[in-house]
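Computed from a predicted structure; not experimentally measured. Protein chains get the first letters and strands the later ones, always in sequence-line order, with residue 1 at the start of each. All values below were derived from every heavy atom in this structure, side-chain atoms included, with hydrogens, water molecules and symmetry-related copies excluded.
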2 protein chains.
Amino acid sequence: MRRDSKLSGVLHVLLHMAEIEGPVTSEFLAGVMQTNPVVVRRIMAGLRDRGYVRSEKGHGGGWQIACDFETVTLRDIYEALGAPELFAMGNRSEAPGCLVEQAVNAAMNQTFREAEALLLAQLGRITLAALSADFHARLAARGGDFNPGTAHAV
Amino acid sequence: MRRDSKLSGVLHVLLHMAEIEGPVTSEFLAGVMQTNPVVVRRIMAGLRDRGYVRSEKGHGGGWQIACDFETVTLRDIYEALGAPELFAMGNRSEAPGCLVEQAVNAAMNQTFREAEALLLAQLGRITLAALSADFHARLAARGGDFNPGTAHAV
DNA sequence: TTTCATGAAACATGTAAAGTTACATGAGAA
DNA sequence: TTCTCATGTAACTTTACATGTTTCATGAAA
């Protein structure tokens, strides 16, 4: 299975949007992410439904951030995406009649539930502002300037 | 991506083998798992390489357990399978030039690394004996008898 | 009324797990 | 020896699903 990169992708988009004044088109964001505008609209739909971003049609339209980076966490974004499956491993069958399989499932499920709880707690501790601050620290460390429109040309 | 169920499957096989005297064929195990004998050989190959099971060709051949259930843990089995990917989510690109993406990756990687450590530690705490004991507890609770050959007929 | 943008459905593609086929190898039985 | 049974393994097929693409409807500004 290919690994789901929607969370990674949408965070990338959000941090770029934060560097840009005014609305940004799906077309532009698709260029930044090296993908298709429809893919951008798809992953942004969930965020729009939750009010984290706003979209406008027509001339001068596009996407804009509509939330406070200080309070929205990666967990919020993850859930806005529909809380996609976190683990690549699962049980062969979910409601087996075989007692052996029930025992196996019980052990695996508990283990993965605990890992999921940790994962979500950790994501809940990282705000978009913290991510953005990390980006700016990296930018300062490199001593460079950031042009959001050309940063991906390389 | 379909979810990887090799670990779940191989544990199922091992616990069944523990209930049976003498060697068991891939054919039989495939019946238990409702899959193909070649799939069984495939997932068992890693365990054989580590000496957790033994296989014999020819008449009266098949698979036998060759390890101590008290000491082998689910983590050992997981690693014998080649330590397959645990998470369904990943970064869009692993070595991005974009500083935004580097910041995103750094946050995600740390979070997932911690979850992976927890997951492996938990798997390392569960022995095959513990799993088997849980199965027997379930069997006793149901008050039934276990016939490993027909348990999956239902 | 033209152009630019999103919204959404339908379809195509790429990838990896699982399933299948085919055949080589080796071990015991006849 | 020769037959049968079993694993070992490579190659191929199937299936599921994330992602990519096409297409057209809708609505807003020029």
Side-chain angles (χ1 to χ4, degrees), chain A residues 1-10 12-13 17 20 22-49 53-66 78 81-94, chain B residues 1-10 12-13 17 20 22-49 53-64 66 78 81-93:
Chain A
M1 135 198 342
R2 187 187 292 173
R3 295 172 77 194
D4 181 339
S5 62
K6 283 197 287 292
L7 181 55
S8 168
V10 79
H12 191 181
V13 163
M17 285 172 66
I20 300 174
V24 198
T25 66
S26 307
E27 180 93 30
F28 174 84
L29 292 172
V32 165
M33 284 185 58
Q34 306 186 86
T35 181
N36 194 290
V38 178
V39 174
V40 173
R41 293 189 195 117
R42 200 138 63 189
I43 62 177
M44 297 291 273
L47 306 213
R48 183 190 55 226
D49 293 346
V53 296
R54 216 170 346 108
S55 64
E56 303 279 358
K57 290 180 175 179
H59 272 281
W63 299 90
Q64 269 183 296
I65 288 173
Y78 163 76
L81 292 173
E85 180 57 50
L86 290 170
F87 300 105
M89 306 187 52
N91 298 134
R92 279 181 347 103
S93 61
E94 283 313 325
Chain B
M1 151 204 335
R2 188 186 290 176
R3 296 172 77 195
D4 181 338
S5 63
K6 285 198 286 291
L7 181 55
S8 167
V10 79
H12 191 181
V13 163
M17 286 171 65
I20 301 173
V24 197
T25 66
S26 307
E27 181 92 31
F28 174 84
L29 293 172
V32 165
M33 284 185 58
Q34 305 187 85
T35 181
N36 195 289
V38 177
V39 174
V40 172
R41 293 189 194 117
R42 199 139 65 189
I43 62 176
M44 296 292 273
L47 306 212
R48 183 189 56 225
D49 294 346
V53 295
R54 219 168 345 107
S55 64
E56 303 281 357
K57 291 180 176 178
H59 271 280
W63 298 89
Q64 270 182 293
Y78 163 76
L81 291 173
E85 179 57 48
L86 290 170
F87 299 106
M89 306 187 52
N91 297 133
R92 278 181 348 105
S93 62

Does the side-chain contact (heavy atoms from CB on, under 4.5 Å) test come out yes or no for A:Val32 and A:Val13, once each step is laid out? CA-CA 8 Å; A:Val32 165; A:Val13 163; 6.0 Å; no
Start with the C-alpha gap between A:Met44 and A:Val53, add the side-chain angles, then the distance that decides, and say whether side-chain contact (heavy atoms from CB on, under 4.5 Å) holds. CA-CA 8 Å; A:Met44 297 291 273; A:Val53 296; 4.0 Å; yes
Locate the shortest heavy-atom distance separating B:Arg48 from B:Ser55; write the atom from each residue and the value. CD-OG, 3.4 Å
Strictly under 4.0 angstrom, non-hydrogen atoms only: write out the protein contact profile of nucleotides 25-30 of chain D, one letter per nucleotide from the 5' end, B, S or -. -BBBB-
Sequence neighbours excluded, which residues qualify as salt bridge (charged side-chain N to carboxylate O under 4.0 Å, His left out) partners of B:Glu85? A:Arg3
Any pair counted as salt bridge (Lys or Arg N to Asp or Glu O under 4.0 Å), so long as it reaches residues 31-46 of chain A, sequence neighbours left out: none
Spacing of B:Glu85 atom CD relative to C:dA17 atom P, expressed in whole Å: 10 Å
Would you mind reading off the distance between A:Arg3 atom CZ and D:dT19 atom P, rounded to a whole angstrom? 12 Å
Atom CD of A:Glu27 and atom P of C:dC4 are separated, to the nearest Å, by 11 Å
Strand-adjacent residues in residues 40-47 of chain A, judged by heavy atoms under 4.0 Å from DNA chain C: A:Arg41, A:Arg42
Could you pull out all residues at least two apart from A:Glu56 that satisfy side chain to side chain contact (heavy atoms under 4.5 Å, CB included)? A:Arg54
Let me spell it out: for each of B:Val38 and A:Trp63, pick the nucleotide of DNA chain C with the closest heavy atom. Which residue's pick is nearer the 5' end? A:Trp63
Just to verify, what does B:Asn36 make a side chain to side chain contact (heavy atoms under 4.5 Å, CB included) with, not counting sequence neighbours? B:Val38, B:Val39
Value in whole Å for how far the P atom of C:dA8 lies from CG of A:Asp49: 8 Å
Could you tell me whether the phosphate oxygens of D:dA6, OP1 or OP2, come under 4.0 Å of any side-chain nitrogen or oxygen in B:Thr25? no
With five pairs defining each end axis, the helix from C:dT1-D:dA30 to C:dA30-D:dT1 comes out bent, to 10°, by 10°
So, does B:Ser55 get its side chain near the phosphate of D:dT7, meaning an N or O under 4.0 Å from OP1 or OP2? no
Spacing of A:Asn36 atom CG relative to C:dT13 atom C1', expressed in whole Å: 13 Å
In terms of the nearest nucleotide of DNA chain D, which residue is placed more toward the 5' end: A:Val39 or B:Gly62? B:Gly62
Hey, does the side chain of A:Lys6 come within less than 4.0 Å of D:dA18's phosphate (OP1/OP2), counting only N and O? no
Spacing of NE2 belonging to A:His12 relative to CG belonging to B:Asn91, to within rounding of 0.5 Å: 11.5 Å
Once you apply a heavy-atom cut-off of 4.0 Å, does A:Arg54 come out as touching a base, just sugar-phosphate, or nothing? nothing
So do the side chains of A:Pro23 and A:Trp63 get within less than 4.5 Å of each other, counting heavy atoms only? no
Can you check whether A:Leu29 reaches A:Ser26 side chain to side chain, under 4.5 Å on heavy atoms? no
Output the rounded distance in Å from CG (A:Leu29) to P (C:dC4). 18 Å
Ignoring backbone atoms, test whether B:Ser5 places a side-chain nitrogen or oxygen under 4.0 Å from the OP1 or OP2 oxygen of C:dA18. yes
How long is the line joining CD of B:Gln34 and P of C:dT20, in whole Å? 12 Å
Here the distance between atom C1' of C:dA17 and atom CG of A:Asn91, to the nearest Å, is 16 Å
Check: A:Arg92 main-chain N/O paired with B:Ser8 side-chain donor or acceptor under 3.5 Å: yes
Counting C-beta onward and ignoring hydrogens, is there a side-chain heavy-atom pair between B:Phe87 and A:Asp4 closer than 4.5 Å? no
